[in-house]
Amino acid sequence: MAPIIELRNVTKYFGSGRDQVTAVDAISLDIEAGEIVCLVGESGCGKSTTGRMVVGLLPPSEGQILYQGQDISAMERADYQDYRRAVQIIHQDPYASLNPTQTVRQMITAPLLRHQTQRGGPTANGSGRRGKRRDAERRAAELLEIVDLTPVADFLDKYPHQLSGGQRQRVSVARALTVEPKFIVADEAVSMVDVSIRVSLLNMLYRLKDEFDVTFLFITHDLALAKYFAWEGRITVMYLGRIVEEGPTPRLITDSRHPYTQALLGAVPEADPELARKKVHVELRSAEIPSLLNLPAGCTFHPRCPYFVPGQCDARVPALESIADGGTVACPVRKAESIQLV
Amino acid sequence: MSQTSDLSWHQSTEENGSQPPLSLQNVHVSYRTRAGSVQAVRGVTLDLLAGESLALIGESGSGKTTLGLGIVRLLVDTAEVSPGQIIYRRDGRELDVLSLAEGPLREFRWRDCAMVFQSALNAFNPVLKVWDQVWDTAKAHNWNNRSEVRERFLDLLRFVQLDPDRVIDAYAHELSGGMRQRTLLAISLLLDPQILILDEPTTALDILTQRTIIDLLRRLKEDLHFTMLFISHDLAIAAELADRVATMYAGQVVELGPVSEIFYRPRHPYSLGLIRAVPTVTGGFEELSSIPGSPPDLINLPSGCKFHPRCPFASERCSREEPGLERVGDNHFAACWHTDAVQEDIERNGLRGRRAA
Ligand SMILES: Nc1ncnc2c1ncn2[C@@H]1O[C@H](COP(=O)(O)OP(=O)(O)OP(=O)(O)O)[C@@H](O)[C@H]1O
Ligand SMILES: Nc1ncnc2c1ncn2[C@@H]1O[C@H](COP(=O)(O)OP(=O)(O)O)[C@@H](O)[C@H]1O
Ligand code: SF4
Ligand code: SF4
Ligand SMILES: [Mg+2]
Ligand SMILES: [Mg+2]
C-alpha cells in the first residue's frame, strides 16, 4: 500500500528576488499509516512550514505531496475534500487557534454538524435537525471524554479564557477529532503547557494512535519529548531547511551519526544532575546559525562542524545515504562514526 | 571567537563563616485584581548563601517571578509585599530592602543585586544602541569615566563570548535571542553586583544557544563564585547549574535541599511528580507520569495542603491542616505530612520509570 503521506523533493520558497529564502529545500519523506514520525530541529529550520504543506495550508513551490498515493495538487474536488478532512493540524498555541467567543460545546458541535451534512443520510436520532443536533451533542461529549476533559458537563459551557493551557489544547484535539482524521500534524502541540501536564497530553495523543489508527507527524524542538513520544517510531532531524539525519528513534537517540544531531543531543540540558555533569558536549567551530538569506555552500553545517573537511564539505551538498543501523545520514565523512555522549 | 577574559576586578564574596547575603523572612506578595486578591507568594523564608547558586523551580504561576521581582522591588503597583522582610548584607552592612528609598534602591538594584529578566527583549530600550544604554546606566550611578566604563564593558562582552564590535553599536532588535541574553548578562554585571537573579535565562532559546548560556553561567558559578538565584520552570536548568534547589508550589517553598537530594531523594510529592514527568534525552526509554489536575486558583486556594487536590499521597489530614517546612535530612526540608510515604514509594517503584535496556 502507498504511504499515507509522501513528500517528494518538496521545496518551499518565501519572498522573492534578493529576499528569497528557501525555508524547505528538496525534502523527501514517506510516512506509513500507523507510524509516528517526529520532525526535530531548531527554530526556523522549516518544521512548521513542512507541517503546513502536509495539511494543505501552504502549497509547495516545487515537488509533490501525495496522500494515499495521490498527488494532492492533482486531486478531484471530492478527493481533495477527503484529504483536507483526513489530515488535521494541532498548533502550538491553543489560545490563538480557538475562537474566544465560542463555548467548548459550540466549537465541537459546529464541525460535527457540518460534517454530518456533508456526509448526508439519516442519523441515529432521525433525520430532522433536532436529531442531528442530538447526535452532535452526544458525539461532542464522547470526544471530550476521549481527550480527558471530564466530567464533561464541567467543560461544555466554558470559554477558552476559562480553561488552562493544557485544557485548551485538549479542546483543540477534540475539535480536530470531529472530522475523524487519519493523520494529525502536531506542531509543538505540548510546548506551551506546563511540564507537569505535558505527559498526560502526550499519552492522550498516543492513545489516539492505537484507538483511532491516527498517524502522527509530531513536530518539536524538544529532543527529549521526541524520544518519549516516538520511541517506537522515527525521528527526522532538519537543519536550515534540509533533512540531515533520519532513523528509528532508539538508533537516532543512542547512536546518532550526523555531527549536527550529535551536537544537539549533547547540548540538551538534562534534568538529572549526574547526567548533566557527565555528558559530553560537542564543541562547534561557531555558535552563529547562518541566515537563510546567505546559506553556506555545500553542507550548510560546515562553518560550525568540528569535522569539516575543506574542499569536500563546502563543495557538494551531501546526499542522504542509508546506513546499516537504520535510517539515513547526510554526511559522507561521519556516517559510520559513533560517538559516546555519556 | 574572542578569547575569554578573566574578570580580575570582580570581588567575590568570602564564603566561609560569612552571613547569607540575602535572607527572606516570611515574605508574602499579593496582587490586587478585580476578581480578588491573588496570593502569588505566601510566606517564603529562605537564605541565599554566599557563593551558592540556588534554583527556584515550579510550574507556571507558582510565584517564582513574583518572588524575584519582589526581591529587587520591581513589582507592579498593584502588588503588595506584606507581611515579610528582605534583608541584604554586604561587608558587614545590613539593608532592609523593603524600606529602601528610591535612591538607595537604585544602587541596590545594580551594585548589589542585579536581575536578568524572563523576556530579554523587553529589558532593552529599543531606541538606544547597546553602548548608549550602558553609558547611561553607568552615568546614573555616578560612574563618569567613559573610557573606564568602556573597558569594563568590553571585558564583559568578551567574557560572555560576544564579539564587542558586533554588539556595542547594535540595537537590541538587531541581535539574535542568544546574543541579546548574553548582552543583558554583560550589562547586569557592569557594576559588579554581589547577587545575580536570573529569571528563565534559557527559556525560548534554541538548544545550541541554551548550551552556550548554560556554560557561561557555569563559569560565573565555578570560576567567579557569583551568588546566583535561578528561576525556571525547567528542571534541567536546576540540574545543570544549582547547588541547592527550592521547589515552589502555590506561592510557597514546599521543598528545599541540595540538588542531589532534590533530584535523587525528593521527599515532597510535588517535587517527585515533577521529576517523574520530565524525560531525559540520553539513555533508553523511560516511563513518565504526569501530575493530575491543574495548578490551584490563587484567589480561592484549597484548604489544608495546597497540593492536596492533586496529590497521590493525600490523606484526610492533608485537606484540613497545612504542613510547614520540616527537616527531612541534611540541609533538606519538606512541607508534607507524608514524606515517609514518598520515600517508600521511591524505594518500591524507583525514582523514575524503569529504563529499557
Ligand atoms: N500584575 C499581576 N496582576 C495580577 N496577578 C498577577 C500579576 N503578575 C502575576 N500575577 C499572578 O501571580 C501568580 C504568580 O505569577 P508569577 O509570574 O510569579 O509566576 P511564575 O512562577 O514566574 O510563572 P511562569 O513559570 O509562568 O513564569 C500567577 O497566578 C499570576 O497570574
Ligand atoms: N509566511 C512566511 N513568510 C515568509 N517567511 C516565512 C513564512 N513562514 C515561515 N517563514 C520562514 O521560513 C523559515 C522556516 O520557518 P518555520 O517553518 O516556521 O520553522 P520552524 O517551524 O522549524 O521554526 C524561517 O526562516 C521563517 O522565518
Ligand atoms: S558533511 Fe562535512 S561539514 Fe557537513 S556534517 Fe559532515 S563532516 Fe560536517
Ligand atoms: S501534605 Fe498531604 S497533600 Fe500535601 S503534599 Fe504531603 S501528602 Fe500530599
Ligand atoms: Mg514552528
Ligand atoms: Mg515567571
Side-chain angles (χ1 to χ4, degrees), chain A residues 40-45 148 163-167 192-203 221-229 231-232 249-250 253-254 260 263-282 284-289 291 304 341-342, chain B residues 1 57-62 161-162 176-179 202 204-212 214-215 233-242 245 258-260 262-264 270 273-295 310 351-352 356:
Chain A
V40 304
E42 298 179 279
S43 79
C45 73
D148 298 326
L163 301 172
S164 72
Q167 291 167 342
M192 283 185 47
V193 305
D194 257 312
V195 286
S196 70
I197 39 192
R198 245 179 226 173
V199 177
S200 66
L201 265 172
L202 288 177
N203 292 348
H221 67 280
D222 185 333
L223 277 152
L225 280 187
K227 165 187 158 187
Y228 180 72
F229 192 71
W231 187 251
E232 281 155 6
T249 303
I253 292 290
T254 58
Y260 176 66
L264 279 184
L265 287 167
V268 173
E270 297 279 14
D272 179 326
E274 270 173 39
L275 201 53
R277 204 164 35 78
K278 281 201 306 234
K279 203 158 94 164
V280 175
H281 307 145
V282 177
L284 297 183
R285 295 192 301 139
S286 153
E288 301 301 327
I289 187 157
S291 153
R304 310 175 75 188
L341 285 174
V342 281
Chain B
M1 178 152 296
I57 60 173
E59 63 203 304
S60 185
S62 57
Q161 290 177 331
L162 285 174
S176 71
M179 292 167 82
T202 64
L205 297 176
D206 267 321
I207 302 167
L208 296 177
T209 315
Q210 272 189 29
R211 173 52 56 195
T212 62
I214 291 175
D215 289 347
H233 70 281
D234 184 359
L235 265 59
I237 296 303
E240 294 267 352
L241 291 166
V245 177
V259 65
S260 57
I262 301 291
F263 275 92
Y264 301 125
Y270 180 62
L274 287 178
I275 290 165
R276 285 183 171 163
V278 178
T280 56
V281 78
T282 309
F285 183 78
E286 357 166 62
E287 267 322 320
L288 300 175
S289 45
S290 63
I291 302 176
S294 40
R310 305 174 70 186
L351 180 58
R352 295 168 190 257

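Chain letters run A, B, ... following the sequence lines, proteins first, then strands; residues in each count from 1. Predicted model, so just to flag it, every value in this text is computed and none were measured.
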Euclidean distance, [Y] [atom2] relative to [X] [atom1], rounded to 0.5 Å:
{"X": "B:L288", "Y": "A:S200", "atom1": "CG", "atom2": "OG", "value": "11.5 Å"}
{"X": "B:I214", "Y": "A:H281", "atom1": "CD1", "atom2": "NE2", "value": "8.0 Å"}
{"X": "A:L223", "Y": "B:I207", "atom1": "CG", "atom2": "CD1", "value": "4.5 Å"}
{"X": "B:E59", "Y": "A:R198", "atom1": "CD", "atom2": "CZ", "value": "11.5 Å"}
{"X": "A:L264", "Y": "B:R211", "atom1": "CG", "atom2": "CZ", "value": "12.0 Å"}
{"X": "B:L208", "Y": "A:E288", "atom1": "CG", "atom2": "CD", "value": "11.5 Å"}

If you take all heavy atoms of B:A277 and A:S196, which pair is closest and at what distance?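 B:A277 and A:S196 have their closest heavy atoms at CB-CA, 4.4 Å.
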Closest non-hydrogen atom pair between B:Q210 and A:P269, with its separation: OE1-CG, 3.2 Å
What residue, out of [options], has the most heavy-atom pairs lying under 4.5 Å from chain A?
{"options": "B:S289, B:S294, B:G273", "result": "B:S289"}
{"options": "B:I262, B:I291, B:V281", "result": "B:V281"}
{"options": "B:L235, B:D206, B:T202, B:I237", "result": "B:D206"}

Which atoms of A:F229 approach chain B - backbone, side chain, both or neither, heavy atom under 4.5 Å: neither
Side chain from CB out, backbone as N, CA, C, O: work out which of these in A:L201 comes under 4.5 Å of a heavy atom of chain B, or both, or neither.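 No part of it gets close to chain B.
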Tell me whether A:E270 contacts the main-chain N or O of B:T282 through its side chain, where contact means a donor paired with an acceptor under 3.5 Å.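 Yes, A:E270 side chain to B:T282 backbone: donor-acceptor pair under 3.5 Å.
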Would the distance check show the side chain of A:K227 and the main-chain N or O of B:G283 forming a donor-acceptor pair, the cut-off being under 3.5 Å?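 Yes, the answer is positive, given that a donor and an acceptor are paired below the 3.5 Å cut-off.
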Answer with side chain, backbone, both or neither: which region of B:Y270 has an atom nearer than 4.5 Å to a non-hydrogen atom of chain A? neither
At a heavy-atom distance under 4.5 Å, which candidate from A:E274, A:K279, A:R277, A:Q167 has the highest pair count against chain B?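 It is A:E274.
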Fit a plane to each ring of A:Y228 and B:F285, take the angle between them on a 0 to 90° scale, and name the class: parallel (under 30°), tilted (30 to 60°) or perpendicular (over 60°).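 Aromatic pair A:Y228/B:F285 classed parallel.
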